[in-house]
Amino acid sequence: MSWLEGRIVENRHWTESLFSLRVEGPALDFQAGQFVRIALDIQGERVARAFSFVNPPHDPVLEFYGVVVPEGPLSPRLARLKAGDVLHVASNPAGFLVLREVPDCETLWLVATGTGIAPFLSILRTDAPWQRFRNVVLVHAARYGRELVYQDTVSDLSRKTAFRYVSFVSRERHPGSLEGRIPAAIADGRLEKAAGVALDAASSHVMLCGNPQMLTDAQAALGGLGMRKHRRRNPGHITVESFW
Ligand SMILES: Cc1cc2nc3c(=O)[nH]c(=O)nc-3n(C[C@H](O)[C@H](O)[C@H](O)COP(=O)(O)OP(=O)(O)OC[C@H]3O[C@@H](n4cnc5c(N)ncnc54)[C@H](O)[C@@H]3O)c2cc1C
Ligand SMILES: NC(=O)c1ccc[n+]([C@@H]2O[C@H](COP(=O)([O-])OP(=O)(O)OC[C@H]3O[C@@H](n4cnc5c(N)ncnc54)[C@H](OP(=O)(O)O)[C@@H]3O)[C@@H](O)[C@H]2O)c1
């Protein structure tokens, strides 16, 4: 692995703690859904963290979506980057949250908390989901309505008949979004009802990304519907990626 030098072209702030970096320079070979380590030199040390690509592979400008973890070493500094600043990008993207690992089925569910929406935006901006699945459901949970980011992309995607979008807002009432958390809504049927398509082992594959406790709780809820983790040697219905 080597480090490539990127230049920030834009740092968009959605809220005081949510930001999207657009980065020019590194030409990387990756699949939609993968991540790469990005780094800054802090007090003489290179501090690197994994970030999922938001951009699809055919877009030469890299995009990353992040949240400020106030006590974290890297994310507060990433949030302060300005156009023209340098960002180090590793040369070796990786990760298994990719459609190549997903068996054919009728409905693809892309289920995220917080910044976990990032890899799904990359996947949704490629042709593969629309060629392979009859229904594609994006589910995004955030604490507050203002954190339901990338609504411009959601609007563009909504022109596709296969696309459904369900949002959750957990810490305030927000018109158009479900209340509470994803796992409870899987268990009591609210998610399926809101999406208007069946969520079951016969028709669905679920990709989960974000908060590790959500991954655990959602897998338990999906287990109640007869769904299990997908493995190459033992095909199932759930693929996961934990962000911490
Ligand atoms: C495969 C993979 C892909 C990732 N992709 C992204 C991404 O696209 N966007 C992104 O913001 N982060 C992503 N992360 C997390 C990222 O690598 C960093 O951990 C995060 O930016 C915080 O860095 P830090 O150095 O400030 O704090 P760290 O020391 O890395 O983390 C401190 C604590 O912050 C919390 N935390 C970390 N990441 C998040 C998060 N994303 N949302 C909420 N709480 C968090 C956890 O409690 C963690 O223990 C990914 C992680 C992995 C393993
Ligand atoms: N989001 C902010 O306003 C904010 C602001 C500044 C800093 N930060 C930092 O960012 C981190 C949190 O970021 P975040 O809000 O994107 O992530 P998060 O804490 O993972 O919350 C995102 C969504 O996931 C839900 N969730 C949490 N645990 C779950 C579980 N077990 N099952 C199902 N859903 C679950 C949350 O619901 P609940 O609300 O019910 O937990 C929320 O709707 C913290 O380190 C915080 O310090 C966040």
Side-chain angles (χ1 to χ4, degrees), residues 1 4 6 20-23 26-38 48-67 89-142 149-150 153-154 156-157 160 162-167 182 195 199 204-212 214-215 218-219 222 227-232 235-244:
M1 188 276 282
L4 307 169
S20 289
L21 292 171
R22 286 168 57 77
V23 185
L28 294 175
D29 187 15
F30 70 95
Q31 292 176 56
Q34 289 192 308
F35 62 87
V36 69
R37 285 161 72 78
I38 61 175
R49 294 285 185 273
F51 269 74
S52 302
F53 297 97
V54 170
N55 59 298
H58 59 260
D59 187 342
V61 178
L62 305 182
E63 184 165 341
F64 304 105
Y65 169 53
V67 63
V89 180
S91 60
N92 59 338
F96 296 100
L97 194 74
V98 295
L99 288 186
R100 269 190 211 171
E101 299 290 333
V102 172
D104 285 334
C105 63
E106 198 170 306
T107 303
L108 176 69
W109 296 78
L110 306 173
V111 177
T113 54
T115 53
I117 193 174
F120 298 147
L121 293 169
S122 181
I123 288 172
L124 288 165
R125 288 162 167 175
T126 64
D127 292 336
W130 317 107
Q131 290 165 347
R132 286 190 51 197
F133 305 98
R134 183 181 295 175
N135 309 299
V136 179
V137 188
L138 175 64
V139 181
H140 188 207
V149 293
Y150 287 98
T153 306
V154 169
D156 284 349
L157 292 167
K160 295 181 186 287
F163 183 69
R164 309 272 190 290
Y165 173 71
V166 180
S167 60
I182 292 167
L199 173 55
S204 299
H205 190 96
V206 183
M207 300 176 91
L208 299 170
C209 186
N211 184 313
M214 180 280 281
L215 303 185
Q219 284 180 91
L222 292 167
M227 302 171 85
R228 61 171 188 276
K229 207 159 177 170
H230 176 71
R231 299 181 203 284
R232 281 181 186 170
H237 326 88
I238 307 169
T239 308
V240 300
E241 183 169 84
S242 176
F243 267 12
W244 68 92

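With hydrogens and angles ignored, the 3.5 Å screen pairs no side-chain donor or acceptor of W130 with any backbone N or O of K160.
Side-chain contact between N55 and V61: absent, with no pair of heavy atoms (C-beta onward) separated by less than 4.5 Å. A heavy-atom distance below 4.5 Å is found between the side chains of W244 and N211. You'll find the side chain of E63 reaches within 4.5 Å of the side chain of S20, heavy atoms only. Between R125 and V54 there is a side-chain heavy-atom pair separated by less than 4.5 Å. The shortest side-chain heavy-atom distance between M227 and V206 falls under the 4.5 Å cut-off. S52 is listed as a side-chain neighbour of E241, based on a closest heavy-atom distance under 4.5 Å. For the pair C209 and V240, the minimum side-chain heavy-atom distance is 4.5 Å or more. Using a 4.5 Å heavy-atom threshold, the side chains of L108 and N135 count as separate.
Among the candidates L138, I117, V139, L215, the single residue satisfying the side chain to side chain contact (heavy atoms under 4.5 Å, CB included) test with V111 is V139. Under the ring-ring contact (aromatic ring centres under 6.0 Å, His included) test applied with Y65, the options Y150, F53, F243 reduce to a single match, Y150. When each of E101, R231, H205 is tested with T239 by the rule side chain to side chain donor-acceptor pair (under 3.5 Å), just one qualifies, namely H205.
In this structure, the separation between CG on D127 and CZ on R132 is 13.0 Å, given to the nearest 0.5 Å. The CG atom of L99 lies 6.0 Å from the OG1 atom of T126; values are rounded to the nearest 0.5 Å. Of the inter-residue distances, the one linking S167 atom OG with H140 atom NE2 reads 9.0 Å to the nearest 0.5 angstrom. The CE atom of M207 lies 6.5 Å from the CG atom of L110; values are rounded to the nearest 0.5 Å. Considering CD of Q219 and NZ of K229, their distance stands at 5.0 Å, rounded to 0.5 Å. The CZ atom of F120 sits 7.0 Å away from the CG atom of L208 when rounded to the nearest 0.5 Å.
No more than 12 heavy atoms of other residues, nucleotides or ligands lie within 6.0 Å of CZ in R134, so this atom counts as exposed by the packing criterion.
The salt bridge (Lys or Arg N to Asp or Glu O under 4.0 Å) pairs that include a residue from residues 111-122 number zero, where partners must be two or more places apart or lie in different chains.
In this structure, F133 has no ring-ring contact (aromatic ring centres under 6.0 Å, His included) partners at least two apart in sequence or on a different chain.
Across all non-hydrogen atoms, the minimal contact from G95 to F35 is CA-CE2, 3.6 Å. The minimum heavy-atom distance between V23 and G6, with the atom names listed, is CG1-CA, 3.8 Å. Here the shortest heavy-atom pairing between P57 and Q31 reads CG-C, 4.1 Å. Closest approach of G66 to T115, counting heavy atoms only: C-CG2, 3.8 Å. Here the closest heavy-atom approach between residue A32 and residue V98 is recorded as O-CG1, 3.4 Å. Nearest heavy atoms, P103 versus H230: CG-CE1, 3.5 Å.
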Run the side chain to side chain contact (heavy atoms under 4.5 Å, CB included) check on L121 and T153 step by step: do they pass?
CA-CA 8 Å; L121 293 169; T153 306; 4.1 Å; yes
Are V136 and W109 close enough, and set up right, to give a side chain to side chain contact (heavy atoms under 4.5 Å, CB included), and what steps lead you there?
CA-CA 6 Å; V136 179; W109 296 78; over 6 Å; no
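Side-chain contact of R164 with T107: a donor-acceptor pair under 3.5 Å is absent, judged by distance alone.
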